[in-house]
Amino acid sequence: MTTSQIYMMLSIGLYLAAMLYVGIYYSKKNETTADFYLGGRTLGPFVTAMSAEASDMSSWLLMGLPGVAYLTGVANAAWTGIGLAIGTYVNWLVVAKRIRTYSHHLDAITIPDFFSKRYHDKKNIINLVSAIIIIIFFIPYTASGFAACGKLFSSLFGVDYFTAMVISAAVIVGYTALGGFLAASTTDLIQSIIMSVSMVVILTFGITKAGGIEAVMSNAENLAGYLSLSHTHVPETGGTGNYSILSTVSTIAWGLGYFGMPHILLRFMAIEDKAKLTLSRRIATIWVVISLGVAIFIGIVGNAMTSAGEVPYLEGSKSETIIIAISRLLSGHGVIPALLAGLILAGILAATMSTADSQLLAASSSVSHNIFHDFFGLKMDDRKAMIISRLTVVFISVIGVFIASNPNSSVFEIVSFAWAGFGATFAPVVLCSLFWRRSNKTGVLAGMLVGAVTIFLWKYIVRPLGGAWDIYELLPAFTLALGTIVIVSLLTEKPSKEIQAEFDNYVINIHI
């Protein structure tokens, strides 16, 4: 191991140790499952905003998005970013305060719990279906985060991929299982800061090595279709590919996914003072817009660095390691640059871990609270419930580790599919539960099932047909799921007067 690698490893080691310390610290503050899964609803506005967005922006922010921009140019990455920025703002604007107020009055501590209590589902069928959906889409999503950590250490230090991945997973599981929601939220805040510093350092260093901002833009302008919003660059031929209006609309549809992300919605439910959500919304939106823009530009800068001979050409899924390649180059310039490079790599870990910990909590709550406790009716005191919750985190992580044993999948593709899954199954239910009094239990159950089935059918059967069918699966699945909720709700019995009264009391008078 070289001297620069030792210094990078030192930075990363200190970061991982700090995350474990946070978990140990907050483990003493968890007395009930409500504390473990929702932090006792004590989050301040800054922590709420930054932890929500850090848990949202997984490793794809520092790997997937720059990789797409590096290879094919602006179009796909930019429209994705625009959709996400709009979705972030609207979600904070119209959903946050309503779900915080409603879930608090219903005493709901998980998203399936909220759905079930909102529609007075005495048999907890909604709880069960929602929990199964969370498990289906979150375990592979979490596994992709473990895999990203394994790729990072394997490519940098030449260590065994599986060993590196297991160690990274153990740290994530450690602080999440110990500290629960408060530990995950606090580490997310720290990780969002590290991610921000990392992007600034990479961008500044990259521009310098590429020959300045003019050289970066000149390189991009010389690549056919690279800076276009209606065409893509085709690296194999050097020509352009068409980016249709339909593709643009379906890519912007990424923003619809926000309304159904359990790990983000939980942050809304956990804020201490709902009056401070406005401040949280502003902080979150500004951070997201800047981060997405910088991530895309890093991809553009990385391509210019390749043209300048500073980093090798990265084809296919290897393009997602552009920041790692730049970090390796930075580490060769002395002790301080090597420590900074380690910090940047810790930023990639931060992006991965901040999402993985939130997903683990959401998935474990689905198993222990929504399935064991609510659906099967297993009675347990807080101590036993906490033990089961922590064991569930470990169990789900073990499954994720086995899934992550194959390092060849694309981070961007895995994230986009899981994102579509939650956007199609939960987003229509969240919107109807918060904005439509007439929606009922039968309608939302039908909507969730239609959304889940459509995601798989569109992804693996319809979309491969190409042409007009080649659109992001979230858009058609969301549309069909929402339409199903509306039609089935109208064709079946109205909600009881009690349910409608609750809606009026807890939601209708809330001012955005």
Side-chain angles (χ1 to χ4, degrees), residues 57-84 144 147-148 151-152 155 199 202-203 205-207 209-211 215-244 247-248 250-252 254 291-329 344 348 351-352 407-417 419 463-464 466 470-472:
M57 299 298 171
S58 60
S59 55
W60 76 272
L61 177 67
L62 296 183
M63 295 180 74
L65 199 62
V68 169
Y70 173 90
L71 269 188
T72 64
V74 169
N76 194 13
W79 287 119
T80 299
I82 290 170
L84 290 174
S144 73
K151 289 180 183 179
L152 172 64
S155 62
M199 288 192 290
I202 279 289
L203 189 62
F205 176 74
I207 291 174
K209 299 302 290 185
V216 171
M217 297 311 298
S218 176
N219 176 73
E221 290 168 357
N222 290 330
L223 297 173
Y226 198 83
L227 294 179
S228 173
L229 289 176
S230 58
H231 293 83
T232 61
H233 177 67
V234 182
E236 293 80 8
T237 64
T240 63
N242 185 44
Y243 204 79
S244 67
S247 297
T248 300
S250 72
T251 304
I252 292 177
W254 270 77
S291 297
L292 289 170
V294 171
I296 293 170
F297 197 56
I298 285 174
I300 298 173
V301 170
N303 193 292
M305 292 178 71
T306 294
S307 297
E310 295 292 340
V311 297
Y313 176 68
L314 304 170
E315 60 182 353
S317 63
K318 291 182 179 179
S319 65
E320 294 181 342
T321 65
I322 180 60
I323 287 184
I324 297 176
I326 298 174
S327 299
R328 187 184 291 114
L329 182 64
I344 292 165
I348 296 177
T352 302
N408 296 321
S409 56
S410 166
V411 173
F412 189 87
E413 289 299 319
I414 293 176
V415 170
S416 69
F417 180 69
W419 187 269
R463 193 171 184 182
D470 185 19
I471 60 176
Y472 184 32

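Bear in mind the structure is a predicted one, so any value in this text is a computation, not a measurement.
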Engineer: So do Trp79 and Val74 actually touch side chain to side chain, heavy atoms under 4.5 Å?
Structural biologist: no

Engineer: Taking only residues two or more places apart in sequence or in another chain, which ones pass side-chain hydrogen bond (donor to acceptor under 3.5 Å, both in side chains) with Ser230?
Structural biologist: Ser228

Engineer: Does one side chain, of Ser250 or Ser247, offer a donor that lies under 3.5 Å from an acceptor on the other?
Structural biologist: no

Engineer: Once you round to the nearest 0.5 Å, how far does CG of Leu329 lie from CD of Glu310?
Structural biologist: 5.5 Å

Engineer: What pairs with Thr232 under side-chain hydrogen bond (donor to acceptor under 3.5 Å, both in side chains), at least two apart in sequence or on another chain?
Structural biologist: none

Engineer: Please report the shortest heavy-atom distance between Ala295 and Leu65, naming the atom on each side.
Structural biologist: CB-CD2, 4.1 Å

Engineer: Dump the intermediate steps for side-chain hydrogen bond (donor to acceptor under 3.5 Å, both in side chains) on Tyr226 and Thr240, then the final yes or no.
Structural biologist: CA-CA 8 Å; Tyr226 198 83; Thr240 63; over 6 Å; no

Engineer: Is the closest side-chain heavy-atom distance between Pro66 and Ile296 below 4.5 Å?
Structural biologist: no

Engineer: Of all heavy-atom pairs between Ala210 and Ala215, which one has the smallest distance, and what is that distance?
Structural biologist: O-CB, 3.4 Å

Engineer: Is there a side-chain contact between Ile322 and Met305, using heavy atoms and a 4.5 Å cut-off?
Structural biologist: no

Engineer: Can you tell which of Ile252, Thr251, Leu292 makes a side-chain contact (heavy atoms from CB on, under 4.5 Å) with Leu84?
Structural biologist: Leu292

Engineer: Can you list the residues that meet the ring-ring contact (aromatic ring centres under 6.0 Å, His included) rule with Phe297, with sequence neighbours excluded?
Structural biologist: none

Engineer: Minimum heavy-atom separation for Ser327 and Ile202, please, with both atom names.
Structural biologist: OG-CD1, 3.7 Å

Engineer: With a 4.5 Å heavy-atom cut-off, do Leu229 and Tyr243 have their side chains touching?
Structural biologist: no

Engineer: Is Ser291 close to Met199 at the side-chain level, that is, under 4.5 Å between some pair of heavy atoms?
Structural biologist: yes

Engineer: Can you confirm whether His231 sits close enough to Asn242 that some side-chain heavy atom of one is under 4.5 Å from a side-chain heavy atom of the other?
Structural biologist: yes

Engineer: Looking at Leu314 and Tyr70, what are the two nearest heavy atoms and their distance?
Structural biologist: N-OH, 3.1 Å

Engineer: Ring-plane angle category for Trp254 and Tyr472, please: parallel below 30°, perpendicular beyond 60°, tilted otherwise.
Structural biologist: parallel

Engineer: Does Ser319 reach the main-chain N or O of Gly67 with its side chain, forming a donor-acceptor pair under 3.5 Å?
Structural biologist: yes

